[in-house]
Amino acid sequence: MSPVSGQKETGLRSAALLGKSSPSFTAMSEIKNYTVPCLDLDSFLSAKVKIRQEGLLDSNLKTNLEFAVQTLQAFPASKRRDVSLTVEGERQLVRFTAGTPILLYSVRLGPKGPELHQRVPVGARLDPTCLNEWHFAGHLCQDELESCMEQARRVLNHEAQKNPSGLSELELRITCGELRLTYVTQQPQRSLVVQPRRRTYLGKSLNLERVLELKTSLERSGVMGKGLLACFQHLLLHYGQFQEENSRLVLQSDGEMVELVCGRPDYHSTQYYIFTDGQNQAHSHRVQDIDLWEYD
């Protein structure tokens, strides 16, 4: 027996449902539904055969579906059960449902390719207890000193102290690297946004190997533009100039900012700023703690 069973929803009903689960989706004429035991490779392959046989597998749907398979395979089993996944094509939406969904996935094409969005309906109120570690399973936060989950809890705690009655009308959006996670109440009226900066802790002093590891990671993820690459090359070529304890290095170009922290995470006696000019040439500026005192 096939692990996949499918049916269609048509007309305005599907558009309304999609509006609740993923506001980025445009209204489409129909949605193809598949009920699966789990979001695993077997279920996806079985559904893909049926979609192709019905002539629904356009290029966008194929790209997004392959991205969903690759991404979800890296998730633990707990994040592939009691979930739903909606995949966007050019004219067709496909939804997979496994169990009773408490976590809603959607995949669509973004500016840089397919994106996976995760949505958690929390009911009447959104407070710090709604954030669960398994929602972040498989995610490597781009801030090594304060994770996006810790930042989100801090933001919600501050909101609870400032406006306790407003927790029933909140939406919390977390964007961190590849993670796009939204917690939503039944009738959200306001949005809180958590978007951690790229911050790497290098240890007691500037560590060349850790810098090269970070450079490699940014190159693989597609974040490294020509300007940011020039900043890293400047840092590597003049490595000895930046060897100070309790220092902070900020590299900025191409609309991206990367922060490197050495020594004490909470105190920086020296700060370096590496940036590019209009000709994409990298420059650096050094600011010591005593320089900052002069401006007080």
Side-chain angles (χ1 to χ4, degrees), residues 70-71 74-76 112-113 131 133 135-155 174-181 194-295:
Q70 181 181 5
T71 303
F75 283 9
K112 298 182 180 180
L131 277 63
E133 289 187 0
H135 296 153
F136 298 81
H139 169 61
L140 183 63
C141 186
Q142 62 185 21
D143 189 340
E144 296 183 3
L145 294 178
E146 186 183 23
S147 72
C148 51
M149 181 177 177
E150 292 170 340
Q151 293 184 38
R153 282 180 171 164
R154 175 166 52 81
V155 168
I174 303 171
T175 302
C176 181
E178 85 295 340
L179 179 70
R180 293 167 177 82
L181 175 60
V194 173
Q195 192 166 0
R197 51 190 166 175
R198 297 183 185 277
R199 190 164 54 163
T200 299
Y201 183 64
L202 299 180
K204 185 177 180 180
S205 60
L206 189 61
N207 185 305
L208 182 57
E209 184 175 352
R210 290 283 285 122
V211 172
L212 290 172
E213 288 175 353
L214 175 61
K215 178 175 176 289
T216 301
S217 175
L218 295 175
E219 288 170 342
R220 288 177 175 174
S221 64
V223 173
M224 186 74 78
K226 292 182 179 179
L228 195 57
L229 178 59
C231 292
F232 269 92
Q233 290 172 337
H234 181 87
L235 171 60
L236 293 169
L237 287 171
H238 305 281
Y239 180 73
Q241 298 179 14
F242 304 101
Q243 283 283 5
E244 292 192 43
E245 292 187 6
N246 299 326
S247 61
R248 173 175 174 260
L249 295 88
V250 177
L251 287 66
Q252 192 282 325
S253 189
D254 305 320
E256 295 285 348
M257 184 176 291
V258 177
E259 183 177 332
L260 310 178
V261 177
C262 306
R264 287 176 53 183
D266 57 342
Y267 170 71
H268 317 294
S269 58
T270 305
Q271 303 190 55
Y272 296 96
Y273 299 90
I274 304 176
F275 51 92
T276 54
D277 58 22
Q279 284 71 46
N280 210 40
Q281 296 296 312
H283 306 272
S284 61
H285 184 65
R286 180 175 181 266
V287 178
Q288 281 191 293
D289 208 12
I290 191 169
D291 297 327
L292 297 175
W293 294 345
E294 292 177 355
Y295 290 99

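Values below: all heavy atoms of this structure, side chains included; hydrogens, waters and symmetry mates excluded. Quick caveat: nothing in here was measured; it's all calculated off a predicted structure.
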Decide side chain to side chain contact (heavy atoms under 4.5 Å, CB included) for Gln271 and Val250; before the verdict, give the C-alpha distance in whole Å, the side-chain angles of both, and the deciding distance to 0.1 Å. CA-CA 8 Å; Gln271 303 190 55; Val250 177; 5.5 Å; no
Take Glu256 and Leu218, measure what side chain to side chain contact (heavy atoms under 4.5 Å, CB included) needs, and give me the verdict at the end. CA-CA 11 Å; Glu256 295 285 348; Leu218 295 175; over 6 Å; no
For the backbone of Leu228 and the side chain of Asp254, can you confirm whether one donor and one acceptor N or O come within less than 3.5 Å of each other? yes
So, do Met149 and His139 sit near enough that their side-chain heavy atoms are less than 4.5 Å apart? no
Closest non-hydrogen atom pair, Val261 against Glu259: CG2-OE2, 3.7 Å
Between the main-chain N or O of Pro196 and the side-chain N or O of Gln142, is there a donor-acceptor pair closer than 3.5 Å? yes
Any side-chain to backbone donor/acceptor pair from Ser217 onto Glu213? Under 3.5 Å, distance only. no
Using side-chain hydrogen bond (donor to acceptor under 3.5 Å, both in side chains) as the criterion, list what pairs up with Asp143, not counting sequence neighbours. Gln151, Arg199
If you compare all heavy atoms of Cys148 against all heavy atoms of Ile174, which two are closest, and at what distance to 0.1 Å? CB-CG2, 4.0 Å
So does Met257 get a backbone contact from the side chain of Arg197, meaning a donor-acceptor N/O pair under 3.5 Å? no
Going by atom types only, do His234 and Gln281 share a side-chain donor-acceptor pair under 3.5 Å? no
Audit row: Gln243, Ser205, side chain to side chain contact (heavy atoms under 4.5 Å, CB included) steps and yes/no: CA-CA 7 Å; Gln243 283 283 5; Ser205 60; 4.0 Å; yes
Do you know which of Leu229, Leu214, Leu260 makes side-chain contact (heavy atoms from CB on, under 4.5 Å) with Leu251? Leu260
For Arg198 and Val223, which heavy atoms make the closest approach, and how far apart are they? NH2-CG2, 3.2 Å
Which residues satisfy the salt bridge (charged side-chain N to carboxylate O under 4.0 Å, His left out) test with Glu150, sequence neighbours excluded? none
I want to check something: taking the side chain as every heavy atom from C-beta on, are Ser284 and Phe242 in contact at a cut-off of under 4.5 Å? yes
Is there side-chain contact between Arg248 and Tyr267, with heavy atoms separated by less than 4.5 Å? no
Tell me, with the steps shown, if Leu235 and Tyr272 meet side chain to side chain contact (heavy atoms under 4.5 Å, CB included). CA-CA 10 Å; Leu235 171 60; Tyr272 296 96; over 6 Å; no
Contact between Gln288 and Thr270 at the side-chain level, heavy atoms closer than 4.5 Å - yes or no? yes
Under 3.5 Å donor-acceptor, Tyr201 side chain and Gly263 backbone: yes
